Amino acid sequence: MAGRLQGKVAIITGAGSGIGRAAAQLFAREGAGVAVADWDEKGGKQTAASIGRNALFVKADVSSSADARRIVDHTVKKFGKLDILYNNAGIVRYGTAADCSEEDWDKVMGVNLRGAWLCSKYAIPEMMKAGGGSVIMTSSIAGQVAFGNIAAYCASKGGLIQLARSIALDYASKKVRANVICPGVIRTGMTQDLLKDKKAMQPLLKSTIIGRLGEPEDIANAALYLASDESSFVTGSVIAVDGGWTVQ
Ligand code: NAP
């Protein structure tokens, strides 16, 4: 049976670990050629090696215009086209609006929002050449509700939702769709310290009404749907994959 992404080509940023790695492996199992983009060379190469011939690793900092362009160029050079861009790379820095340093603000905005914009900027023309495509963003529940002491992160993740809606509106006629996934608390490198803290875990589990934490595969499965033609009538949507966190 043909895979759900048979013949498609995808770029996944931040695919050197966590959610991005799970998505890269799933997309490849479903038949896609996958460009694994990450600034972490070791993790990125491991992901690509776990996939094999259908993967390309591109070492890149998504907040750099030259790197974002290089990710797209190398992908098209290897696979001949581009159908899917999964903007997933992200970082967090702590601080309220008054405490956050300008450096941390710029860093978070640079990776989480500017990076997604830059990759989209260079990917969309290639998708149009391919007859259409799918842009996916990993936002967060922090893009929809506020969390204490991570003001820059919340702002960047909220911005991603509006960036996706703008792309959806501007490129619908060109068959380029854009959608957003808002994960809840997912077991990855980003949350490993938090998840070791028993006191911090209590409210996290309480708010996750499904009664368990999320795994990277929970998000990868949603990304697969948005990447595939099964979601051809879905654009500008914001999908919570949060174990029910945002229902109350
Ligand atoms: P992760 O395991 O830390 O994965 C993020 C990957 O992105 C890492 O390999 C990281 O490399 C890489 N990266 C960071 N900045 C980059 C840049 N400028 N250019 C290229 N690669 C870069 O964390 P994750 O949980 O899978 O995070 C994936 C996305 O999910 C992020 O956007 C995050 O905000 C979002 N998210 C996560 C959760 C959660 O609970 N885990 C919840 C909501 C949303 P380094 O490790 O070397 O920095």
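All of these numbers come straight from a predicted model, not from anything done at the bench. Heavy-atom basis, side chains included; hydrogens, waters and symmetry copies ignored. Note that ligands are numbered from 1 as they come in the structure, with each ligand's atoms numbered from 1 the same way.
- Considering backbone and side-chain N/O of Ile141, none are found under 3.5 Å from N/O of ligand 1.
- Among all protein heavy atoms, the one lying closest to atom 25 (O) of ligand 1 is Thr188 OG1, 2.6 Å.
- Under 3.5 Å, the side chains of Asp99 and Thr96 contain a donor-acceptor pair of N or O atoms.
- Among the atoms of Val185, none of the N or O lies under 3.5 angstrom from an N or O of ligand 1.
- Between the side chain of Ser237 and the backbone N or O of Ile239 there is no donor-acceptor pair closer than 3.5 Å.
- In this structure, the protein non-hydrogen atom closest to atom 26 (O) of ligand 1 is Ile19 N, 2.9 Å.
- Considering backbone and side-chain atoms alike, Asp40 places every N or O at 3.5 Å or more from each N or O of ligand 1.
- Within the 4.0 Å heavy-atom cutoff, Cys182 does not count among the residues contacting ligand 1.
- Between the side chain of Asp229 and the main chain of Ser232, no donor-acceptor pair closer than 3.5 Å is present.
- Looking at ligand 1, you'll find an N or O of Tyr153 within less than 3.5 Å of one of its N or O atoms.
- Met201 places a side-chain heavy atom less than 4.5 Å from the side chain of Leu195.
- Cluster annotation: Val180 and Ile141 are assigned to distinct hydrophobic clusters (Ile/Leu/Val/Met/Phe/Trp/Tyr, side-chain heavy-atom contacts under 4.5 Å, transitive).
- Across the listed options Ala37, Gly14, Gly20, Ala60, Ala60 owns the non-hydrogen atom lying nearest to atom 20 (C) of ligand 1.
- Residue contacts with ligand 1 do not include Gly214, since none of its heavy atoms lies under 4.0 Å from the ligand.
- Thr47 and Arg21 share a donor-acceptor pair across their side chains, judged by distance under 3.5 Å alone.
- Residue Ile91 has no nitrogen or oxygen atom sitting less than 3.5 Å from a nitrogen or oxygen atom of ligand 1, judged on distance alone.
- The backbone and the side chain of Asp38 each have at least one atom closer than 4.0 Å to an atom of ligand 1 (non-hydrogen atoms only).
- At a 4.0 Å heavy-atom cut-off, ligand 1 touches Asn88 through backbone and side chain alike.
- Summarising the contacts of atom 1 (P) of ligand 1 with Ser17, Pro216, Gly189, Ala15, the nearest heavy atom is found in Ser17.
- Proximity of a side-chain donor or acceptor of Asn88 to a complementary backbone N or O of Thr13 within less than 3.5 Å is detected.
- The aromatic ring centres of Phe57 and Trp39 sit 6.0 Å or more apart.
- Both Leu204 and Tyr153 are assigned to one and the same hydrophobic cluster, defined by single-linkage of ILVMFWY side chains at heavy-atom distances under 4.5 Å.
- The heavy atom nearest to atom 37 (C) of ligand 1, considering only Met190, Lys157, Arg21, Arg114, is found in Met190.
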